[in-house]
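Below: the structure, in structure tokens.
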Amino acid sequence: LVLFYGGFNETIQTYLYDPRPGYPFNYWIRNELSKIKYLLLKYSSIYAEYEKQTGKVSNISEVKKNINFLSDQWLNELLQNYESTLNKAKLLSKNFIKSNKCSSTQFFAFYQPISINKSDNYSKKIIKTTKDYFQNKIILKDISGIISEDGFVDSVHINQVSKSIIAEKISYHILSEVINNCN
């Protein structure tokens, strides 16, 4: 049984940090900057704030311009990358993990709850577009609507009560699928 639970890191985190779909969290800053610029951003509040406002220390503003950041094309590439990642994970799971119970490995991917009220306007667009994009695709089960806004600590982290609600929903999906499809 393989579970993927997410959506925030795969979509909104790309919007907030390294904007290139398919690149790991903050890859540009951590791996492609000169050591001196990296140290300045990491240890100087002044440079870090200037970077936050302009993107000119790291030159991330140029990277964003080159990839057409925030365009519909960029958002579509982001979602295609997320789908591709899920499909690859499913394929790897089925080909390399041998099930002890079923004839094949069971793979589940769940789109996590993300607070709409605690998200900025573009994050809201990403959330809505992600839900629309995956609506008729069986690779990702959308459980994002099961938590009320008061269950969020910030835009993505949830309180303990909400964790139980999510666990019950995931358990329900797993049990019903495995009971029906495990032979």
Side-chain angles (χ1 to χ4, degrees), residues 1-28 30-32 63 67-116 119 122-147 151-158 160 162-183:
L1 182 65
V2 177
L3 298 177
F4 264 51
Y5 174 81
F8 181 88
N9 290 350
E10 295 79 9
T11 58
I12 297 174
Q13 187 166 279
T14 301
Y15 156 62
L16 297 173
Y17 297 99
D18 192 319
R20 299 170 296 173
Y23 280 78
F25 168 76
N26 243 0
Y27 189 85
W28 176 259
R30 295 174 185 245
N31 298 84
E32 296 185 5
V63 171
I67 63 167
N68 208 6
F69 184 59
L70 303 185
S71 68
D72 288 344
Q73 174 193 351
W74 174 83
L75 184 52
N76 193 48
E77 287 174 17
L78 181 70
L79 296 176
Q80 286 174 351
N81 180 70
Y82 184 23
E83 181 180 22
S84 174
T85 300
L86 292 173
N87 284 321
K88 288 174 188 173
K90 183 176 182 176
L91 185 63
L92 285 170
S93 299
K94 291 194 176 279
N95 288 323
F96 290 103
I97 300 173
K98 183 169 172 30
S99 176
N100 293 331
K101 174 86 174 132
C102 301
S103 61
S104 66
T105 302
Q106 301 293 305
F107 179 89
F108 296 91
F110 296 95
Y111 184 56
Q112 74 188 103
I114 303 169
S115 171
I116 294 292
S119 296
Y122 198 79
S123 294
K124 290 175 186 174
K125 179 178 180 175
I126 293 173
I127 294 165
K128 181 186 178 334
T129 306
T130 302
K131 291 164 85 60
D132 291 345
Y133 182 89
F134 284 100
Q135 186 174 20
N136 296 318
K137 298 183 182 195
I138 59 172
I139 189 71
L140 186 66
K141 296 179 187 332
D142 184 1
I143 61 167
S144 63
I146 66 171
I147 302 298
F152 289 93
V153 176
D154 57 29
S155 63
V156 69
H157 298 101
I158 55 175
Q160 192 61 40
S162 297
K163 290 177 185 178
S164 295
I165 294 168
I166 291 169
E168 286 178 24
K169 186 69 166 180
I170 289 173
S171 297
Y172 170 78
H173 277 289
I174 291 169
L175 288 173
S176 63
E177 291 278 330
V178 170
I179 288 170
N180 291 331
N181 297 323
C182 183
N183 44 30

Roughly how far, to the nearest 0.5 Å, is the [atom2] atom of [Y] from the [atom1] atom of [X]?
| X | Y | atom1 | atom2 | answer |
| --- | --- | --- | --- | --- |
| S144 | F110 | OG | CZ | 12.5 Å |
| I12 | K124 | CD1 | NZ | 11.0 Å |
| S123 | L16 | OG | CG | 5.5 Å |
| T85 | I139 | OG1 | CD1 | 10.5 Å |
| L78 | Q73 | CG | CD | 12.0 Å |
| E83 | K137 | CD | NZ | 3.5 Å |

Quiz question: by atom type and distance under 3.5 Å, do the side chains of K98 and T105 form a donor-acceptor pair?
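No - no donor-acceptor pair under 3.5 Å links their side chains.
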
If only side-chain N and O atoms count, and only distance matters, is there a donor-acceptor pair under 3.5 Å linking Y133 with Q80?
no

Should V63 and R20 be marked as a side-chain contact (heavy atoms from CB on, under 4.5 Å) after you check the CA-CA gap, both sets of side-chain angles, and the distance that decides it?
CA-CA 8 Å; V63 171; R20 299 170 296 173; 3.8 Å; yes

For [Y], does its backbone N or O pair with a side-chain atom of [X] as donor and acceptor, under 3.5 Å?
| X | Y | value |
| --- | --- | --- |
| E10 | G7 | yes |
| Q112 | I143 | no |
| N76 | D72 | no |
| S162 | I158 | no |
| N95 | L91 | yes |
| N68 | W74 | no |

Steps toward side-chain contact (heavy atoms from CB on, under 4.5 Å) verdict (I166, Y5)
CA-CA 10 Å; I166 291 169; Y5 174 81; 3.3 Å; yes

A quick test of your reading: do over 12 heavy atoms of other residues, nucleotides or ligands sit less than 6.0 Å from CD1 of I138?
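No, because the 6.0 Å sphere around CD1 of I138 holds 12 heavy atoms or fewer from other groups.
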
For the CZ atom on F25, are there more than 12 heavy atoms of other groups (residues, nucleotides or ligands in this structure) within a distance under 6.0 Å?
yes

Specify the closest pair of heavy atoms between [X] and [Y], including all atoms of both residues, with the distance to one decimal.
| X | Y | result |
| --- | --- | --- |
| I147 | P113 | CG1-CG, 3.7 Å |
| Y111 | I114 | OH-CD1, 3.7 Å |
| I126 | T130 | O-OG1, 2.7 Å |
| H157 | D154 | N-OD1, 2.7 Å |
| P19 | I67 | O-CD1, 3.3 Å |
| I127 | S119 | CD1-OG, 3.9 Å |

Would T129 and T11 satisfy side-chain contact (heavy atoms from CB on, under 4.5 Å), going step by step from the backbone distance to the final call?
CA-CA 10 Å; T129 306; T11 58; over 6 Å; no

Listed by chain and number, what are the side chain to side chain contact (heavy atoms under 4.5 Å, CB included) partners of S84, not counting sequence neighbours?
K88

May I ask you to check whether [Y] and [X] place their ring centres under 6.0 Å from each other?
| X | Y | answer |
| --- | --- | --- |
| F107 | F4 | yes |
| Y122 | Y15 | yes |
| F134 | Y82 | yes |

Pair K125 + D132, salt bridge at N-O below 4.0 Å
no

